[in-house]
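In what follows, a structure is listed as structure tokens, so that the remarks can point back to it.
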Amino acid sequence: MKNSAAKHHPGHSGMDMPPGKTSDMARHQPVGRVHVGHGVHVSMIADFRRRFWVSVVLTVPVLLLSGQIQQWLGLGHALTLPDGGYVLLALSSAVFFYGGWPFLKGIYDELKSRQPGMMTLIAVAITTAYVYSSATVFGLRGRDFFWELATLIDIMLLGHWIEMRSVMGASRALEELARLMPSQAHMVMPGGVVHDVPLSDLVPGNKVLVKPGEKIPADGQVVDGESAVNEAMLTGESRPVDKKPGAKVIGGAVNGEGALTVQVKKTGKDSFLSQVVDLVRQAQESKSRTQDLANRAATWLTVVALAGGTTSLVVWLLLGHGFEFSLERAVTVMVITCPHALGLAVPLVVAISTSISARNGLLVRNRAAFERARNIQAVIFDKTGTLTEGKFGVTDTIALGRLDDAGVLRYAAAVEASSEHPIARAIAAATESREPVEGFRAIPGKGAEARVGGTDVKVVSPGYLKEHGGDLTGMPGRPDRIPSHAREAVERLTAQGKTVVFVLVNGKVEGAIALADVVRPESKPAIERLKAMGIRTMMLTGDNPQVAESVAKEVGLDEYFAEVLPQDKAAKVK
């Protein structure tokens, strides 16, 4: 009986996601690339972490065997080995080639794209230090730079590792979007036979069966069946959207109470969800102005290092010093020009600011925008799940007859307690009172009925009243006993875009219950605080204008924009 009630309730949709499989993203492109990209990102973080710790372990003996470090520590030559130079060369070679590989590869990529930056600066410094220091081991007179080489690589690896960890949140956001898609589809074959196939096998023109409670596997058009579909996670429309033959559906939306046969129109990179994923990916790949500034500084520092080193070599030679003396000073200039702090400061700023933001509930996807937030003049909110809780709840109860508000809700909750549908659960959860129920029966597509304490009670949609010749003036053959102010209240709630169901007791309309996406209790205080700071507050939502207006008035927004789809929101903000 519970399943039956869930299938036929007025205006209900499948708000619950079925306990099925998550998406097999590796097989569904381009959404599948989200999972692959996320895995690559995690692998890169692990690689930088591994290279950092190996390099740090090798750096310890490099420091202890370096003459300058021994002097600083007052050790004299206590740790000098007979072949200390070759041991230093071997250890430093491991650090240079293993720990420094990302930077050696990076200079190739930057020079290939003709955009020298941080990788170029680091690679020039460590290569110069390594080549010159190696030459001193094999007879060139001068002082080696092995310890400077090792510590520079360690710090740069640490900086990149910290930065990559700090931006993992955006990758997780992409993965969560990808999980909106199911792993398989029920393809309708010629002759009506249904076979389960991977999403990658779907092409435009295929027909798929979407059962109650399942996710729609691809963008398409309904060719058979009627249902209400939950598109809140995709469009922001908080109310279930009725779908009939000819209606368009979006892949990733959750089907409600009826089975639908859908003809596939778009798959892969052309799908609605993939376009949303691309928008998030573009935001994720954005760099902050601080990072851009650091890269520009690194470009100029590379020029300064090469020019300064060459100038130093030439000047010292002109002053009459030997080549080895001049070369040591030229190399010193080139190594010093690559500042350790530059490679660590920006990643630390990104990591710390991202961490503090995360603790306060902020996921930073565009760091350039985050840096400009200090000059903010307006805040634009999403609605569903942001200003609201993203789930239905009872907002109003109106008595239209002899019962009071509590009595109307008590009778409705008793009937709805036998259903597991989200809207039914919202009504049932609105009161703790429970009446004995018997003879529960679903009214196909219109509601449900039962005997509550010996009384016949129906909870029905406005469509049920119209089909049975009744409206707010009562059922057929009954006089108008409903006060005008009560009728006006119901009309006002309907105009606000709320879902209204009616409670009939012994065939007479006794009350109405309005449901909507419930506003978060903290939304209004947050809006008030922003306004006190002189910041304008606005809302951008895919929901209908009536619901948007209702929420905007309730929380005190300055302005709102309704029926804006995700792919249009960026343009709307601009």
Side-chain angles (χ1 to χ4, degrees), residues 15 166 169-170 172-173 176-177 230-239 276 279-280 283-284 286 288 350 352-396 422 426 429-430 493 496-499 514-566 568-574:
M15 301 285 285
S166 72
R172 294 192 185 101
E176 290 302 315
L177 281 175
N230 175 17
E231 299 177 346
M233 287 293 291
L234 297 164
T235 67
E237 172 70 62
S238 60
R239 294 192 302 173
V276 176
L279 289 175
V280 178
Q284 173 188 345
S286 67
S288 69
V350 171
I352 293 173
S353 59
T354 303
S355 176
I356 293 174
S357 301
R359 288 199 297 270
N360 288 277
L362 295 175
L363 171 62
V364 179
R365 292 179 180 170
N366 186 313
R367 281 168 280 176
F370 182 55
E371 291 173 10
R372 294 195 299 270
R374 67 186 187 280
N375 301 319
I376 206 164
Q377 296 173 310
V379 174
I380 304 178
F381 293 91
D382 186 30
K383 181 188 75 69
T384 307
T386 303
L387 293 176
T388 67
E389 294 183 359
K391 60 182 181 181
F392 264 18
V394 173
T395 59
D396 304 88
L493 294 173
Q496 291 175 359
K498 296 183 179 180
T499 297
L515 302 99
D517 191 2
V518 180
V519 172
R520 291 182 181 273
E522 62 268 27
S523 294
K524 189 173 183 179
I527 298 300
E528 291 174 349
R529 289 183 62 183
L530 288 172
K531 283 188 171 182
M533 296 164 63
I535 297 175
R536 284 179 58 80
T537 56
M538 292 175 267
M539 180 176 68
L540 201 61
T541 176
D543 218 332
N544 63 65
Q546 294 83 2
V547 173
E549 181 181 11
S550 175
V551 172
K553 287 182 178 179
E554 185 171 349
V555 301
L557 295 173
D558 294 308
E559 197 170 354
Y560 67 90
F561 305 92
E563 295 182 335
V564 183
L565 296 177
D568 301 326
K569 287 186 177 181
K572 194 69 173 179
V573 170
K574 290 178 182 179

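As the structure is a prediction and not an experimental result, all values here were calculated from the model. The analysis underlying the following values was restricted to heavy atoms, covering all of them including side chains, and did not include hydrogens, waters or symmetry mates.
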Heavy-atom closest pair (Asp543 atom, Val547 atom, distance to 0.1 Å) is OD2-CG1, 3.3 Å
Roughly how far, to the nearest 0.5 Å, is the CG atom of Asp396 from the NZ atom of Lys498? 4.0 Å
Taking C-beta and beyond as the side chain, do Val555 and Met539 meet within less than 4.5 Å on heavy atoms? no
For Gly385, does its backbone N or O pair with a side-chain atom of Arg520 as donor and acceptor, under 3.5 Å? yes
Gap between atom CD of Glu389 and atom CG of Asp517 - 0.5 Å precision: 8.0 Å
Evaluate the side-chain proximity of Lys383 to Ser523: yes if any heavy-atom separation is below 4.5 Å, no if none is. no
Report the distance from atom CD1 of Ile380 to atom CZ of Arg536, rounding to the nearest 0.5 Å. 10.0 Å
Considering non-hydrogen atoms only, spot the tightest contact between Tyr560 and Ala548 and give its length. CD1-CB, 3.6 Å
If you measure from CD on Glu549 to CG on Asn544, what distance do you get to the nearest 0.5 Å? 10.5 Å
Show the nearest heavy-atom pair for residues Gly393 and Ala426, with the distance to one decimal. CA-CB, 4.0 Å
Looking at Lys531 and Gly556, would you say the former's side chain and the latter's main chain have a donor-acceptor pair under 3.5 Å? yes
Only one of Ile527, Thr388, Val551 forms a side-chain contact (heavy atoms from CB on, under 4.5 Å) with Phe381, so which one is it? Ile527
Hey, what do you get for OG1 (Thr537) to CG (Leu530), rounding to the nearest 0.5 Å? 7.0 Å
Write down the atom of Asp558, the atom of Ile535, and the distance for their closest heavy-atom approach. OD2-O, 4.3 Å
Approximate separation, where rounding is to 0.5 Å, of Glu522 CD and Leu387 CG: 9.5 Å
